[in-house]
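As the structure is a prediction and not an experimental result, all values here were calculated from the model. Within every chain, numbering begins at 1; the chains are lettered A, B, ... in the order of the sequence lines, protein sequences first and strands thereafter.
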Amino acid sequence: MKRVLLLLLFLMVPVCPALAADLHLAVAANFTGPMEQLKPVFEKATGHKLIIAYGTVGKFYAQIKNGAPFELLISSDEATPKKLENDGLAVAESRFTYAIGKLMLWSTKPGLVDGKGEVLKRGEFKYLAIANPKLAVYGAAAVDVMKKLGVYEQLQAKLVFGENITQTYQFTATGNAELGFVALSQIYKNGVYADGSYWQVPFNLYPRIKQDVVLLTRGRDNPAGKALLTFLQSPGTKQIIRSYGYDI
Amino acid sequence: MLLTESDLQAIWLTLRLATVVTAILLVVGTPVAWWLARSRSWFKGPIGAVVALPLVLPPSVLGFYLLLAMGPNGPVGWLTQTLEVGNLPFTFWGLVLASVFYSFPFMVQPLQSAFETVGDRPLEAAATLGASRLDTFFSVVVPLSLRGFMTASILTFAHTVGEFGVVLMIGGNIPGATRVASVQIYDHVEALEYASAHRMAAIMLIFSFLVLLALYAWRSEEGKKY
């Protein structure tokens, strides 16, 4: 709490003289939870107003390329913000990683997933849900893990693909797939895990899932954009992001 | 080659799905539409409303509830497990069931209005000639409602081809089993493979346009006979 107050003070000083502004931002759907918690904190501290659209990053990219009025993108990957930068649609040097995702193997069935992921080698299940590796970094990471464990070939026939990590979670949470590679942020809140069994995949089995934020060209002169970038790097914000199961 | 093997596989699967769904709905939807067109029961209003309900929910939300219902803990899932056919999500037949539900109004409503336009007189004439009710239906109602059957089948088929949210949720995007053309195009778009997306979308559109054109031409020819 003290940290948050300090942060508020810190943010009040530089921003107050500037006029309060509206900021249109596009936010990756998997960051909805923390974003909803951060929004009022930011608005109260700065007087700016956030107008948020949640969705998948592939859609946002197409929309931004075609003139969508977004001023800032909170992405679920690092590739899309980079791409926007290369396209000249994002402000160079404004990009940074605001959260690092953690991959989990999860099942609603207690005892199915062991603490070492051996369940993948035994293969005693019908469906394993992963996010579409072509579209979602969590999916690509899941494929890497299975390849490193040498089980990808044998599991291929059991894979079902969620459009994104949210749908992958739904496949698993409804029990239609016995297990799934999901994000820790989906099954963890304030130190408590969802029911069932899980394995936190060791970091050496997949490349880091960096989630980047970038200021878009349209938001270059919006004081709220710069304020939000500063806000995302503050200790209080990082603490909230961590409480949702991200690293940072 | 313009399309990759997986594109072709997706298109072939889509055609199979739409054909099966249209066939099933012709069988299932016809009696329902007939009943809705002829019945004077107070029950008709509620049933008619239920038939239209799949139009109301956003497809991916509808898909989510179907996933719950067909899942291991849902009522349909319980039924399929009891019948020992296993769980339907992520299978072709799961897609078929979901699509039948989703496209139900597209079959029933055109048929219902076609049956309503037939009116009482042909039926009475057939009855005075001693035709059984089943005979009347196939010898009198079906020929008179042929255009309605065409419209209903075209709409159902096209709606199933264009279906996306429901199949994505129920299907799990499995190549050869549930990755239909709409999902494949969407994957191309989301992966920023715009050239592949454009090619596949264009081919689908041209193909569908030609098929629809042919059917409508045939339908208006057929209509002139009556």
Side-chain angles (χ1 to χ4, degrees), chain A residues 28-29 55-66 75-77 79-84 86-87 107-109 112 125-137 139-140 155-180, chain B residues 4 6 10 59-78 80-81 85-92 94-95 98 164-180 182-194 196-198 201:
Chain A
T56 66
V57 169
K59 264 188 223 106
F60 284 142
Y61 177 80
Q63 290 169 341
I64 291 164
K65 269 214 98 148
N66 292 290
S75 182
S76 56
D77 62 357
T80 310
K82 255 186 204 164
K83 217 167 149 88
L84 286 166
N86 293 339
D87 293 345
S107 169
T108 53
K109 285 188 188 155
L112 180 65
F125 49 86
K126 192 152 180 229
Y127 294 116
L128 165 62
I130 73 171
N132 190 330
K134 219 168 100 180
L135 309 183
V137 276
L155 289 180
Q156 218 155 24
K158 296 176 189 265
L159 296 182
V160 291
F161 302 98
E163 173 202 0
N164 49 42
I165 196 69
T166 308
Q167 198 171 50
T168 312
Y169 169 81
Q170 286 162 342
F171 287 163
T172 318
T174 55
N176 280 297
E178 292 101 310
L179 54 165
Chain B
T4 65
S6 74
S60 52
V61 175
L62 183 69
F64 177 66
Y65 287 115
L66 287 172
L67 188 68
L68 282 179
M70 289 156 63
N73 309 312
V76 181
W78 178 83
T80 52
Q81 280 164 38
V85 287
N87 285 316
L88 289 176
F90 316 135
T91 65
F92 178 73
L95 279 197
F164 173 70
V166 174
V167 289
L168 195 61
M169 193 57 102
I170 291 292
N173 203 349
I174 301 167
T178 61
R179 183 181 292 164
V180 294
S182 59
V183 173
Q184 177 84 356
I185 297 177
Y186 178 77
D187 274 7
H188 285 319
V189 171
E190 285 280 290
L192 314 183
E193 298 163 355
Y194 290 161
S196 311
H198 297 338

What donor-acceptor contacts under 3.5 angstrom involve side-chain atoms of residues 59-78 of chain B, with partners at least two apart or in another chain?
none

- Message: If you apply the rule side chain to side chain contact (heavy atoms under 4.5 Å, CB included), what do you find for B:V167 with B:V183, and how did you get there?
- Response: CA-CA 8 Å; B:V167 289; B:V183 173; 3.9 Å; yes
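Annotation: side chain of A:F161 is in contact with side chain of A:I130 (closest heavy-atom distance under 4.5 Å).
For a residue to count as touching a neighbouring chain, one of its non-hydrogen atoms must lie under 4.5 Å from one of that chain's; by this rule A:N176 touches chain B with backbone and side chain alike. Neither the backbone nor the side chain of A:K65 has a heavy atom closer than 4.5 Å to any heavy atom of chain B.
Ring geometry, B:F90 versus A:F171: the interplanar angle exceeds 60°, so the pair is classed perpendicular (tilted spans 30 to 60°).
The residue among A:T168, A:T174, A:T80 with the most heavy atom pairs within less than 4.5 Å of chain B is A:T174. Looking only at heavy-atom pairs under 4.5 Å with chain A, the residue among B:D187, B:V189, B:I174 that has the most is B:D187.
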